[in-house]
Each structure stands twice: as structure tokens, then as C-alpha cells.
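For reference, the structure is listed below as C-alpha cells.
A note on names: the letters A, B, ... follow the listed sequences, proteins ahead of strands, and every chain is numbered from 1. Just so it is clear, the model here is predicted, and its values are computed rather than measured. Because only heavy atoms are used, hydrogens play no part in the values below, and waters and symmetry mates are left out as well, while side chains stay in.
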Amino acid sequence: MSVYNFTEIEKKWQKFWKENKTFKADIDESKPKYYILDMFPYPSGAGLHVGHPLGYIATDIIGRFKKLKGYNVLHPMGFDAFGLPAEQYAIQTGQHPAVTTEENIARYKEQLENIGFSYDWDKEVRTSDPDFYKWTQWIFKQLYNSWYNKSTDKAEAIEELVAAFEKNGNQEIKAHCDEDTELFTADDWKGYSDAQKSAILLKYRLTYLADTVVNWCPALGTVLSNDEVKDGFSERGGHPVERKKMPQWNMRITAYADRLINDLQDVDWPDPIKEMQKNWIGKSKGAEVTFQVENTAHEITVFTTRIDTIYGVTFLVLAPESELVEQIVSEDQKEEVTAYATKAKNRSERERMSDVKTVSGAFTGAYALNPYNQERIPIWIADYVLAGYGTGAVMAVPAGDQRDHDFAKHFDLPIQPIIDGTEVDEKADPTKEGKMINSGILDGLSPMEAIDKACDYAEENGFGKTKVNFKIRDAVFGRQRYWGEPFPVYFKDDQPQLLADDKLPLELPPVDKFLPTETGEPPLGRAENWHTVDGYPYEMTTMPGWAGSSWYFFRYMDPANDQEFASKEALNYWQDVDLYVGGSEHATGHLLYSRFWTKFLYDRGLVPVKEYAKKLVNQGMIQGRSSIAYRINGTNTYVSKGLRKEHDTAKIHVDVNMVENDVLDIESFKNWRPDLKDAEFILEDGKYICGDEVEKMSKRLYNVVNPDDIVAKYGADTLRMYEMFLGPLEQFKPWNTHGIDGVYKFLRKFWSLYFDGNNQYLVSEEKASPEELKILHKAIQKVEDDVDRLSLNTSVSHFMITVNELIALKCHKKEILEPLAILLSPFAPHICEEIWQIIGNAESISKASYPQFEQKYVVEASHEYPVSINGKVRTKLSFAIDEDKAEIEKQVLANEMVQKWTEGKTPKKVIIVPKRIINLVV
RNA sequence: GCGGAUGUGGCGAAAUUGGUAGACGCACUAGACUUAGGAUCUAGCGCCGCGAGGCAUGGGGGUUCGAGUCCCUCCAUCCGCACCA
């Protein structure tokens, strides 16, 4: 076996690529562009694990392929460097997050370089770099200075709105703005104070301050996500958490709801992602109906998609946090209602959502009148109604909605059947089938007809209207944290003011601690000079993690530019991402926000595209495969997997690096921790066999596999090919090193086509045989096809088949092996570069041109058709390529074999599926 | 509860439009070569059965000459979530 010294080869070529800037991607109008992008990583302290490079390797292969095919490829990498873990670490250690982030990035880069990616590192971006976040702040300013004009259906400059106000007030303006915006005339506007004007404009701006309900933890002095709240207490520390309204920066993403749905048809994204985004935006057509509260001036407006069921309403339900509750509650119910509301307010939305089994609520003692029939219906509060959705009030129809039904059953409220022939005592009937009964003016109609009639009736009588409702809410954009982009905002007379462009970037100030202040202000409240020169206070919250990631793909086009976020020239050349690879967990987060920002930038003429990524592929996560040892309870004795059933054991995670093929290295285990020094073992067949569990790859579970170790042992080319060989890119799969030998063996075999056991060059100039050419061209065709479909695992398999076939033929001919090296180079670039050079080529293989396959070597002169008799395939027959069905049928029936199988009977039916099969039914 | 996905040998998997299920690789078995290697080569390898043959793509049903693939239904696992009226 020949010597394939991967370490030496890989070092050499990585150095070559770096020094020669082989993958520099600059504007080149003579070539078509191809922009391929990975979701950039958050540089965590744990370093890169083998799961991270999966998508990166796939994009690297595609990128190198495109380069061979003559495209100008932009394949950049950067870091999503703001985030909570660095801040938590800073809180614990006092180390500035910038320092730890810097160290982590250095480590990530080193690890990435080991794998031989074709990145243009000159294009690197980091969201936490002031040169980068200067532009995040700048885009924030543009959002602030924009409003959404519904008449033109796009974002426009706020100055235009002000001009319109001065001319005509806001009467004629159709804008996406706060619901409570009042009408005013031009004269009104001119009479307002600056602060009043400022407050009104805030209701129109695409980013604005609004009171938002958050999970506030007074003890930690911070806002928690739903995740971090368990039963009304913080997950860390167990401190009480309350739902509290705080002024927060929001993004008016709702203005774009329709366009975000509609434009999905223009992008080649996976259907599940499109589906998730559509559901998240949640457009629904329905009606708003206003109920009068009995004996008061109060009204309750509800939104419903099933206005046809209006006569089945037997109670109304308000969200417990609704302001109306206090105003309508009767004296004798006050205590109960307040107690319930307090309890409900302190549950996170997530908890309220998952807890469907417990029916809870309280009667307010008040009644409303159904505007259709003046029926008196009780008003309840319940935590299954959310304040943030729709109007925060629901009309309950137990006959038509299961949740309302459960509620009615539990509190013994009436259930009024409204569709003929349905049985609603036990279960609601949510279908829209049948004829309406007990429904006044709607009787006898189908539900669909009833919806129209009920809407018309409500509109005529002024107590309701049709309405399109969206589930999506404006996105909260502020965080009470340190390690994020500061807002370019200060406050004058309590009204936000923007910092001038020449003051950007507004850099994060030093602070003594990364915790909130004693008075509950965010960490930036600790900064000494966190005021403008005039003494006005700066905004103290920072932007969320998704701020930088919402536009970073444009920055890669021109990352060093300090005049613009990217030059017009670069934006026009690179346009958009041709292929974006990343996890589906970002479906309703990053992937939606970045579409929103792109549309905004497009509206304001700042980018030339409406969508930033033509095609998206979701790579599956590589999970960890944890190794488990079984400790017998109460002892320090560990029992092998096969024998564990005989004992009462506890599962202990052991470091996967001490385990090979499930066999535990007992010595390393004993030295792992002091308490294991005296561990005893019950073995099977003299070995300790570990169990395994598929879990997230994480430091905590000791199942992290570092790609560096794999590279050291097998080489980067093997790692790259093995990660692809592991299975389809989109699939979730556990990391398992078991099969890597097969890929390693393949690369050694590949090497042995070119060199003998003493590394003597074997390749000859001899002319290739048709058989050899066929093998090569089949491989070119197959690999090209697979790469197009991103089915990289099957192309690796095909390389293996190809090499095996060439070895069987003892083929060492340049005519075959040179194109083969080009073909393989995107997958295993180092080994192919080396071969390419030894074959006698001066430049990098990335400058080679991609071999074309020739049809004549691949396609057969005739097709072989399997012939089946009564569904069972019995034989194969060859026919000419020219497929005349009648001709084929004649030939089939005349065939000796067929006659034998059908025992001479004439088939009742002959089915010919072109290119597939001929089926006879006897 | 809602939304999304997945389910094929001992294992990772393949099967591109419905057409001979299990390519390729791992593991395993047997053999060859061997101044023993975690090397290389050759053969075997879904399950049951001596065999002919039968059974097999999570379970059940359906469409079809023909289903891993399409439809219905149930089960299991994973991911996301803002109970979406």
C-alpha cells in the first residue's frame, strides 16, 4: 500500500491557498457570480465541534464546484459574536466579553482553517466589531426615520410624512401605525409642541418605543425569556417572576406581513420553512364584533373567524390582564377575579400555552349583550385568552370550539347547538358542514353563507366589520443586557432622538460589572459617561442577537467599506445569496427578520433585491452520541452494558474520547477524576462496554468530538468526505466515528491509482479503453447530478465505486485520472491539489476547468426492459431506443421467453411504461 | 394543544418521475498473503427454511398490473412555539 501523507499535504496546500489568496472574491464583470453562504456561527467557549462543519463542508464543495465551472464565487465566513453566553461568562469572571469573544473567534478560525475551506478571509465580518455594528446602528436609524405607506405599499421617509401632516394632517394618510393613533388636521399638527409631534411620529416609525409585556425578575434585575421561567419562578435561582409592562424598542414587522407571505413564492426555500413562516405570520380573515357590556358604557370587541356561530355564543372570555376587567367586575366577584388575574399574570405565555388540561377561569359578574339577538351572556376571564393576540377577548362558542366546550363543561355553562344534526353534548363540532339552526337571521344557511350574511348584518348595523387579522406581532427589539449593539439614541424631554451619523459607531462603554444597576437599570446604566455632551441620557438597553444577523449577508459583499454598509457596485454585482445553508431552527426567527430587513432596505432604495436568498437548504444538526457507564447505586463499581440489568444502576456520562467502538479505556477513566481512581469494574468478555444515547452535542454531556482530533488522525479530506457520507445533508444524525475507516481507505485507494507503494508515480500517457472512459464519464455525470441535488452522500458513494472499478482494471492512465482528480477536488481538495501538481500542472487545481461528460460513453444503444407477468418481473428484454409501443408489444409477445412464462396464453392486457417495464396480465 | 419533520438489515444508509428494495460504507464470518497489520486482497452477509419457497421498508387499511415512494388511519421519536379564537 502506498503512503498517503495527509498531514504534510494538507499543511502545504492550506498554506498555498492562504499565501496566494486563491479564493479571493472580487468583482469581476466578465464572470457570472455565485454567492454561497453559511449561517455564521456564534463563537462559543467550547470551540467548534464536528457538527458545525457539516453545512460548511457542503457549501465548500458546491463553491469549489462552481469555481471550476467558471463562476466568480463569493464564499465568506464570519461570526455572530454578540450573545448571552459571553455575557454570562463575563458576569461570572469579570472578563470583558470582547476579550473572550476574541479568543473564541481565534480558536474557531484555527479550527476552520484545518479543514481546508475555500473562504476569502478578507471578507470576514463580526457583528460585535464597531466597524460592523456602526452599520447595524445606521440601519436602525433608517428604520426609525421611515414609516409604512399603505397606499404605495412600501416604506417611505418620515420627512414625507411630516410634509403631508403639515399640508393635510393625517386624515388622508393610510399608514401602518399604532391602533390608537388619533386623527388631526394640518392646523392641529402645527399647533402641537415638539414633544407632542415627536410622540405622534413614534406611532408611525418602523421602529418605535412601546409598552411591552415581559417576564420581569426583580431579584435578577433582568428580563427573562419564556424558556427561563418555570411556574412563575426563574429557572436560575428560583426567584419570583412577574409579567410587567416595560417600554421597549419594537420593530414594525407587521407592516410587512402580507409581503412576507406573498414573496415566499419567489424563493426556492424548503416547503416546511415556507409553511412555518406562513403559519407564524398567520393571516386569517374574520370579523370584529362589538358587544355592549350590560348597564355600562363599556364595549368588548372580539375577533372571530367564525362569525357564523354568533348565535352559539354562551359567554365571553377576556384575557386576565385586560384593563377592562377592573372596570366591569362586580363587587362580589372582585376578590376572586383579582386573585385569578394575579396568578395568571405571573405565568409565562409558554406555560399558559402548554397547560391545556387544566381548565381555569373566573366569572366577572358582568354580562354583555349579543348584538344580534340582545341575549344576555356572562363575561369571564381565563388565561387561555392572550392579551397580545387579536383584541384580547374571545366570544366563546362551546358547540363549535373544543376549548370553549371544555370551559363550558367545567363551569357548567350552557352549550347551544347551532348546526343542524350535530351532537355537541360531549364534543364540539368545529367543521363548517351542515345548516345553521337556532341562529335567527342565519337559520337554514350553510356556515360559509352565514359568514357573509352575518358580516353584512354587522356592518349595516354598525357593531362589526370584516377584518384581516395577523397572528404575527411586532418584534421586540430591546434587551436589558450589556453585550449587544447600543442604540444610537438619547432622550430629550423623554422623547427619543437619534445620534448624528458622524457620531457612529456608538461604542459600548466600559462598565465595572456586567450586571444591572441597583436601581434595576440595564448594565449600561453603570457606564460613567453614558450621556451626551448636553447631559441627555442615552438609551440603556441594547439590540437583540438578531440585529446583526438580519443584514450581515450584505456586508460580506464589501466588508471594509467605511462610507456605506456596502457599495452600490458590490450590491449590484453580488445581488443576493444563490445558496444559503443553515438550520431550520431559525425558520421564524433569523430567516424571517432578515427577509423583513431586506424588504425595508429595498423599499428605501438601499439594496437592489426584495429577497436576499434565492435558495435555502436546511442542514440537519449533527447530534452527539453520548457514552454511558452504569454505576451500581451506592458503590463505586461500574458494570458493563450487557450485565447492567442484574443490578440497580445509575447512568453516568463518560467522555466519548475515552471510548472506542463502545469499549471504555479503563485506565483513562480512572484518571479522569479523582473520585474514579478506585473505581471497580464488572466486565463482559474482558471488556467494559458502554451504552450510548443520542443527545445534543455539548460539553456538559462529555460527548463533544473536536474536528481537530479527526483531522490529526485521518486528515481533513477524510473528515470532509466522511461528514458528507454520513447521510443526507438535511437529516438530523448522531456523530459516530465508526464508519470513517471506509472513507479513509477510499482516499488511500485513490492515491494508489497514481502512486505505488514506494510513492513512485504510476500514471501513464496510454490511451484509455472505452470501458475505462465509460467509468469516468459515468462518474462525471453522476457526481454532477448529485451535486446539483445536494445529494453529496451518494456522490461520495459513487466515487468509491469508480475507484474500485478503476483498480479492478488496473487503470493508471492520465486520460482517466487527471479528470478524476478535478472531479474529486471539491470534496478532497488537498490530495487532489497534490496529485494535480505531480501530474505536471503549475497552477492550483481550482483553476482547472471542469471535465464535461460525453453522452456516448454513458448511454446504451438500447434499453433493457424488465418484463413482468401478472405483476412479477420474470425477465429482461432489450429493445431499440426508438420506442414505438405497438412495435415493442409485438416483439414482446413474439419473444420465446415471454411465451414460456405466459404458457402460450395471449395476455389480456399489455402495459408498457416507457423506459421502465413491460407488464403482461394473463 | 398547535405547527414542522422522521421511521428501510446488527449499524450509517441507497432506491432521481410509483417499476427487480437494501447500491456504497461500517461491523461481522471464512479464506489468502504474511519476519502479526488497527495493512492488503478474495468470498459471504435482510429474516425464516435443508430445500423449493415464503416473509420483509413503524402498525393497520386503501388506490394500482405493480407502493419504501401516492391516499386514509394509528403508533413511536425528534425539533419549534406566541393556547392565534
Side-chain angles (χ1 to χ4, degrees), chain A residues 1 226-227 270-273 275-276 278-280 282 284 286 302-306 309 317 348-357 382-386 388-397 400-404 430 469-473 583-589 618 620-621 623 660-661 694 722 725-728 730-734 736-743 745-746 748-749 752 757 782 785-786 788-789 791 793-801 804 807 865-876 907-911 913-922:
Chain A
M1 193 61 194
N226 283 336
D227 265 0
D271 286 334
I273 294 284
E275 196 67 28
M276 281 189 247
K278 274 184 207 156
N279 290 334
W280 187 261
S284 59
V302 301
F303 174 77
T304 177
T305 52
R306 290 296 304 275
T309 63
V317 190
S348 74
E349 290 194 354
R350 177 80 64 81
E351 285 178 287
R352 283 166 63 168
M353 169 179 70
S354 6
D355 184 15
V356 284
K357 298 195 177 64
D383 67 4
Y384 78 85
V385 176
L386 297 180
Y389 179 73
T391 58
V394 180
M395 57 176 231
V397 184
D401 183 282
Q402 191 54 45
R403 207 172 38 217
D404 295 344
N469 196 48
F470 290 96
K471 178 162 109 170
I472 192 169
R473 307 201 286 242
S584 63
E585 67 274 17
H586 299 107
T588 55
N618 293 123
M621 219 178 319
Q623 294 147 314
E660 199 162 337
N661 290 346
V694 173
Y722 184 58
F725 186 65
L726 223 46
E730 291 92 338
Q731 203 163 294
F732 282 69
K733 54 218 159 206
N736 192 340
T737 322
H738 281 8
I740 201 167
D741 279 332
V743 173
K745 202 189 282 178
F746 158 76
R748 280 179 300 177
K749 281 183 185 173
S752 76
K782 177 79 173 127
D785 201 44
D786 286 341
D788 266 357
R789 291 186 298 130
S791 179
N793 53 329
T794 53
S795 40
V796 175
S797 290
H798 204 83
F799 277 119
M800 291 176 174
I801 294 169
N804 283 341
I807 286 175
Y865 290 82
V867 176
S868 80
I869 319 286
N870 285 343
K872 183 153 183 66
V873 173
R874 305 320 275 258
T875 185
K876 275 185 184 173
K908 282 183 236 157
K909 216 168 160 188
V910 181
I911 298 148
V913 183
K915 291 190 185 171
R916 290 294 183 198
I917 202 161
I918 295 164
N919 204 323
L920 308 182
V921 185
V922 183

(message) Nearest to the side chain of Pro728(A), heavy atoms from C-beta on, is which of A23(B), A13(B), C26(B)?
(response) A13(B)
(request) Report which part of the nucleic acid Asp404(A) touches: base, sugar-phosphate, or nothing (heavy-atom distance under 4.0 Å, all strands). (result) nothing
(message) Could you tell me how far G1(B) sits from G12(B) if I compare only their C1' atoms? Round to whole Å.
(response) 35 Å
(request) From the options A85(B), A39(B), A13(B), select the nucleotide whose nearest atom is closest to the side chain of Asn793(A). (result) A13(B)
(message) Counting only side-chain heavy atoms from C-beta out, which of A82(B), A15(B), C24(B) sits nearest to Phe725(A)?
(response) C24(B)
(message) Going by the rule side chain to side chain contact (heavy atoms under 4.5 Å, CB included), which residues pair with Pro270(A) if we only count those two or more places apart in sequence or in a different chain?
(response) Pro272(A), Ile273(A), Leu616(A), Asn618(A)
(message) When you compare the side chains of Thr794(A) and Ser791(A), does any donor N or O come within less than 3.5 Å of an acceptor on the partner?
(response) yes
(request) Just compare U16(B), C81(B), U40(B) and give me whichever is closest to any side-chain atom of Trp280(A). (result) C81(B)
(message) Just to be sure I understand the rule, does Lys782(A) reach a base, reach only the sugar-phosphate, or reach nothing, if contact means heavy atoms closer than 4.0 Å?
(response) base
(request) Mind checking Asn804(A) for me? I need base, sugar-phosphate or nothing, with any heavy atom below 4.0 Å counting as a touch. (result) sugar-phosphate
(request) Could you measure between the two P atoms, the one in U69(B) and the one in G61(B), and give it in whole Å? (result) 14 Å
(request) Would you indicate whether the side-chain heavy atoms of Thr309(A) and Arg306(A) approach each other to under 4.5 Å? (result) yes
(message) On RNA chain B, compare the nucleotides closest to Thr794(A) and Ile807(A); which residue's is nearer the 5' end?
(response) Thr794(A)
(request) Using atom OH of Tyr722(A) as one end and atom C1' of G12(B) as the other, report the distance to the nearest whole Å. (result) 7 Å
(message) Side chain of Ser797(A), heavy atoms from C-beta onward: which of A14(B), C24(B), G3(B) has the nearest atom to it?
(response) C24(B)
(request) With C1' as the reference atom in both, quote the distance from U35(B) to U42(B) in angstrom, rounded to an integer. (result) 24 Å
(message) Taking A23(B) as the reference, what is the distance to U16(B) when you measure between their C1' atoms (whole Å, please)?
(response) 14 Å
(message) From C-beta outward on Arg748(A), which listed nucleotide comes closest to its side chain: U16(B), A14(B), A39(B)?
(response) A39(B)
(message) Whether Gln731(A) contacts C78(B) is assessed here as follows: a side-chain N or O lying under 4.0 Å from the phosphate OP1 or OP2. Is that the case?
(response) no
(request) Using a 4.0 Å heavy-atom cut-off across all strands, classify Asn736(A) as base, sugar-phosphate, or nothing. (result) nothing
(request) Write down the distance between CG (Asn279(A)) and P (G1(B)), rounded to a whole number of angstrom. (result) 17 Å
(message) In this structure, how many angstroms lie between the P atom of A85(B) and the CE atom of Met395(A), rounded?
(response) 12 Å
(request) For the side chain of Leu726(A), starting at C-beta, report the closest nucleotide among A15(B), A27(B), G12(B). (result) G12(B)
(message) Taking only the P atom of each, what is the distance from G22(B) to A15(B) in whole angstrom?
(response) 13 Å
(request) In whole angstrom, give me the gap between the C1' atoms of G10(B) and C81(B). (result) 38 Å
(message) Say we look at G49(B) and G54(B): how far apart would their C1' atoms be, to the nearest angstrom?
(response) 8 Å
(request) Quote, to the nearest angstrom, the C1' distance that separates U6(B) from U17(B). (result) 23 Å
(message) If the cut-off is 4.0 Å, is Lys745(A) near the phosphate of C26(B), judged by side-chain N/O to OP1 or OP2?
(response) yes
(message) Under 4.0 Å, counting only non-hydrogen atoms across every strand here, what does Glu730(A) touch: a base, just sugar-phosphate, or nothing?
(response) nothing
(message) Please pick, from A15(B), A85(B), C24(B), the nucleotide with the shortest atom-to-atom distance to any side-chain atom of Val394(A).
(response) A85(B)
(request) Give a yes or no answer on whether the side chain of Asn793(A) reaches the backbone of Phe725(A) with a donor-acceptor pair at less than 3.5 Å. (result) no
(request) Calculate the interatomic distance between Phe746(A) atom CZ and G25(B) atom P; express it in whole Å. (result) 11 Å
